Amino acid sequence: MNDTTRESDSASSRPNKHFIEQAIDADLAANKAAGVFTRFPPEPNGYLHIGHAKSICLNFGLAKNYSGTCNLRFDDTNPSKEETEYVESIMEDVRWLGFQWDSLHYASDYFGQLYEWAEKLINDGKAYVCDLNAEETRQYRGSLTEPGKNSPFRDRTPEENLDLFRRMKAGEFPDGSRTLRAKIDMASPNLNLRDPVMYRIMHAHHHRTGDEWCIYPMYDWAHGQSDSIEGITFSICTLEFENHRPLYDWYCGALEIHHPRQIEFARLNMTYTVMSKRKLLQLVKENHVNGWDDPRMPTISGLRRRGYTPESIRNFAIDVGVAKFNSTIDVIRLENAVREHLNRVASRRMVVFDPIKLTITNWPEGKVEMMEVGNNPEDESAGKRKVPFSGSLLIGSDDFQEEAPRKFFRLKKGGSVRLRGGYIVDCHDVVKDADGNITEVLCTYDPETKSGEDNSGRKVKGTIHWVSAGEAVEIEVRNYDRLFSVENPDQTEEGKTFLDNMNPNSLDVTTGYAEPELSAAGEDERVQFERLGYYVVDPDSTAEKQVFNRIVPLRDSWGKMVATGKAG
RNA sequence: UACCCCGUGGUGUAAUUGGCAACACUACUGAUUUUGGUUCAGUCAUUCUAGGUUCAAGUCCUAGCGGGGUAGCCA
């Protein structure tokens, strides 16, 4: 499959550049930046989700379009939350999305340099060791409307600070007893500038540095400096860091080091899902879903298992745009992106759910005819496959009604329908059980109407899919739906949580009866079940039984007519 | 109630930086169709409000209104 067509992510080919590209163009033109060097800086404390995918596409895309570089850097400054499992999943997800980092880094690689720079700030009188505990620090900080008060330890001499800081590093003090703080302005209207903490004492085991350190840098102290060390020119982050930019700038200025430009954009929000790491973690830990890669999760690993293609996610990321307005994208756009891709590349197969028998009474006893059916009407080069046709077929019970409304174009008693890739059949009778339920539909076929060789001139309103009962292969089908039943799961009534908004019908497991060719589908292969939806082979498949996940259903205008009462 | 950011169709993004409000998606019409899929055509806006500058304002100015963010030793 061609993984690059249709992607208009070349900055030069798109007529209108978004505000970040415009800022980059301006800086490049003014010689304020030597090139476009970006980074994707996740904290390894959870799995990546579709919102991160937007950020990944942005950062790697910018680097690619401007012939720059993009690094992957793990922001691992808080050992109490971070794990190697997450590091590995993140690398896998970035690669799966189709990106390759120019170099791989960890903020923890810079702990030594950060420490040296901290001593420099102490010597310059720009940082001090503070003995206030967490609670006191909070009180001294003031509030949104009131200025803070200077810490009583603010005016220690550089010598005293240096001694104390070295002893902090040496492990002489217990957790939480002291911090190193930047000396900025306790009265600043920007709370981030009220002598922010640079280091806290944490006697914790770090996933990479082990027990080497017992003081760990805060985000603000580590992030910009890491950017600087790597020669990043554009440090792109989400809106909630806007208030941190003055501090980002202050640190680079105080250190007199390479000074990247931080630019903030609005993170992705999407309907019918939650995006916070905390909530995703809760869904996993409390077993509301089957792990991080549950196909209903908005995680990249979940979307991957669901059957989404990297190309469709990249197209989606471009489609939603980049701006500073805090918006919520309709999940339909994500679904459309994968439909658009799969319509072009997925082979069509026939699979019947909830079957009803269709017997062709004028079919030669025991005859099985192999029909040649195109794999993809959108792509002639996809070739054909053979589908067995016989006198004993299965069709979906949805596709038959004994007496049907005028707009019902499927099979009804006394009516006709085209069997996709087969013949036109005419229904003359039904068989019912003792309770009056239809158990079998009796038809005759019209030999003049064979698919591809039909010279009969007959026109029928509808075409339905089918499988030959004798040759049908049973498969397990997992029909997934949205995890939440409301647009904004976070909007809850008093006393309820987002969990109360979960969709109880987000997974429906059923048996499918498939044409034999489907057995050839290998792991990860995506196909369209004709008239139903796009499906992917799930890794739970065994030699005995294939398992398919529904990626997304086809648009269903008949279903919509039924739902809105316009089907009569 | 302090500071910062943001307000353009139902949704999301544009508007050559002061010159006919455009594109995509949804919805609704209709056409085509051996998938009720796909495809094609059409319809859907007092640019948050009020003033001001200007021949001309979505864009500039003033005031207001609305939304989001910020008081972790999280990132």
Side-chain angles (χ1 to χ4, degrees), chain A residues 15-18 22 41-43 45 75-78 80-82 107 130 132-135 137-139 141-148 175-181 188-194 196-202 215-216 218-220 222-223 237-246 264 266 271 277-278 319-330 332-333 336-337 339-340 343-344 348 350 373-374 377-378 407-410 417-422 424 449 451-452 454 459-465 528-533 553-561 567:
Chain A
N16 301 310
K17 296 190 174 189
H18 56 66
Q22 290 176 16
E43 181 188 14
N45 69 342
D75 233 329
D76 55 351
T77 57
N78 185 351
S80 66
K81 294 183 174 179
E82 295 149 6
C130 179
L132 259 24
N133 64 29
E135 171 63 17
T137 303
R138 193 176 63 76
Q139 286 168 359
R141 187 161 33 234
S143 72
L144 292 177
T145 52
E146 303 157 304
D175 287 4
S177 61
R178 284 184 165 87
T179 57
L180 183 74
R181 302 174 68 178
S188 172
N190 184 336
L191 299 246
N192 294 123
L193 263 21
R194 318 245 262 228
V197 172
M198 294 168 64
Y199 279 96
R200 73 282 216 190
I201 300 173
M202 277 177 106
I215 56 171
Y216 289 94
M218 298 289 291
Y219 164 84
D220 288 297
H223 195 87
C237 63
T238 46
L239 249 28
E240 68 270 27
F241 293 105
E242 213 154 15
N243 293 330
H244 292 243
R245 189 172 1 119
E264 311 85 13
T271 56
K277 277 192 184 178
R278 203 207 93 230
D319 184 49
V320 299
V322 179
K324 298 192 77 164
F325 181 67
N326 221 310
S327 61
T328 302
I329 306 295
D330 196 326
I332 285 173
R333 297 179 82 107
N336 278 336
R339 280 198 192 101
E340 191 272 337
N343 178 51
R344 288 183 280 127
R348 266 106 255 227
M350 292 196 282
V373 186
E378 305 295 312
K407 288 183 183 170
F408 185 81
F409 299 155
R410 282 106 99 137
V417 78
R418 156 76 62 184
L419 294 178
R420 174 84 162 147
I424 290 176
T449 59
S451 210
D454 186 345
K459 290 281 179 209
V460 288
K461 274 284 200 180
T463 299
I464 63 172
H465 63 282
Q528 183 195 102
F529 291 0
E530 288 226 26
R531 303 209 302 136
L532 297 172
L554 255 32
R555 283 202 183 81
D556 180 13
S557 55
W558 169 251
K560 193 180 291 179
M561 285 165 74

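Model, not experiment: these values are computed from the prediction. Proteins get letters first, then strands, A, B, ... in listed order; numbering begins at 1 in each.
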Checking U13(B), C73(B), A75(B) against the side chain of H244(A) (C-beta onward), the nearest is A75(B)
Is U70(B) syn or is it anti, if syn means the base angle is within 90 degrees of 0? anti
Could you check whether E264(A) gets within reach of a base, just the sugar-phosphate, or nothing at all, counting any heavy atom under 4.0 Å? nothing
Can you tell which of A15(B), G36(B), A24(B) lies closest to the side chain of Q22(A)? A15(B)
In whole Å, measure the gap between the P atoms of U17(B) and U70(B) for me. 37 Å
Looking at U35(B), I'd like to know if its phosphate oxygens (OP1 or OP2) sit under 4.0 Å from a side-chain N or O belonging to R418(A). no
Which nucleotide wins on minimum distance to the side chain of E43(A), given the candidates C74(B), A71(B), G36(B)? C74(B)
Applying a 4.0 Å non-hydrogen cut-off, can you work out what F529(A) is touching in the nucleic acid: base, sugar-phosphate, or nothing? nothing
Inter-residue atom distance R141(A).CZ - L132(A).CG, 0.5 Å rounding: 10.0 Å
Has S327(A) got a side-chain N or O lying under 4.0 Å from the OP1 or OP2 atom of U13(B)? yes
For T463(A), answer base if it contacts any base atom (sugar-phosphate contacts may also be present), sugar-phosphate if it contacts only those atoms, and nothing otherwise; contact means non-hydrogen atoms under 4.0 Å. sugar-phosphate
Sugar-phosphate, base or nothing in reach of S80(A), heavy atoms under 4.0 Å: nothing
With heavy atoms under 4.0 Å as the rule, sort G452(A) into base, sugar-phosphate or nothing. base
If the condition is ring-ring contact (aromatic ring centres under 6.0 Å, His included), which residues does H223(A) pass it with, not counting sequence neighbours? Y219(A)
Rounded P spacing from A41(B) to C4(B) in Å: 48 Å
Nearest 0.5 Å, please: how far is NZ in K81(A) from NZ in K277(A)? 9.0 Å
Just checking G421(A): base, sugar-phosphate only, or nothing, at a heavy-atom cut-off of under 4.0 Å? base
Within less than 4.0 Å of OP1 or OP2 of U26(B), is there a side-chain N or O belonging to N336(A)? yes
Salt bridge (Lys or Arg N to Asp or Glu O under 4.0 Å) partners for R245(A), two or more places apart: E264(A)
For the side chain of S557(A), starting at C-beta, report the closest nucleotide among A71(B), U26(B), G37(B). G37(B)
For D319(A), salt bridge (Lys or Arg N to Asp or Glu O under 4.0 Å) partners two or more places apart: R333(A)
Set out, line by line, the N/O atom pairs under 3.5 Å between protein and nucleotides 43-49 of chain B.
none

Looking for any heavy atom pair under 4.0 Å, which part of the strands does R181(A) touch: base, sugar-phosphate only, or nothing? nothing
Choosing from U11(B), U35(B), A71(B), which nucleotide comes nearest the side chain of L554(A)? U35(B)
Short side-chain N/O contact to A27(B) OP1/OP2 from K560(A), under 4.0 Å: yes
Counting only side-chain N and O atoms of R420(A), is one of them less than 4.0 Å from OP1 or OP2 of G37(B)? no
Partner of E530(A) under side chain to side chain donor-acceptor pair (under 3.5 Å), chosen from R420(A), H465(A), R348(A): R420(A)
Does the separation of the ring centres of F409(A) and W558(A) fall below 6.0 angstrom? no
Across the strands shown, which category fits F409(A) at heavy-atom distances under 4.0 angstrom: base, sugar-phosphate, nothing? base
With the criterion being N/O to N/O and under 3.5 Å, what pairs connect the protein with nucleotides 67-69 of chain B, and how long is each?
from	atom 1	to	atom 2	distance (Å)
G68(B)	O2'	N326(A)	ND2	3.2
G69(B)	N2	N243(A)	ND2	3.2

Measuring to OP1 and OP2 of G36(B), would you say a side-chain N or O of R410(A) lies under 4.0 angstrom away? no
For L193(A), answer base if it contacts any base atom (sugar-phosphate contacts may also be present), sugar-phosphate if it contacts only those atoms, and nothing otherwise; contact means non-hydrogen atoms under 4.0 Å. nothing
So S451(A), base contact, sugar-phosphate only, or nothing? Heavy-atom distance under 4.0 Å. base
With sugar-phosphate meaning primed atoms plus P, OP1 and OP2, does T137(A) contact a base, only sugar-phosphate, or nothing at under 4.0 Å between heavy atoms? base
Heavy atoms only, 4.0 Å cut-off, all strands: where does V322(A) land among base, sugar-phosphate and nothing? sugar-phosphate
Checking all strands, does M218(A) fall into the base, sugar-phosphate, or nothing category for heavy-atom contacts under 4.0 angstrom? sugar-phosphate
Treat a base pair as Watson-Crick or G-U wobble with both distances under 3.5 Å, then lay out RNA chain B in dot-bracket form, 5' to 3', with | for cross-strand pairs. .((((((..((((.....[..)))).(((((.......)))))....(((((..]....))))))))))).....
Give me the distance, rounded to whole Å, that separates G67(B) from G72(B) when you measure between the C1' atoms they each carry. 25 Å
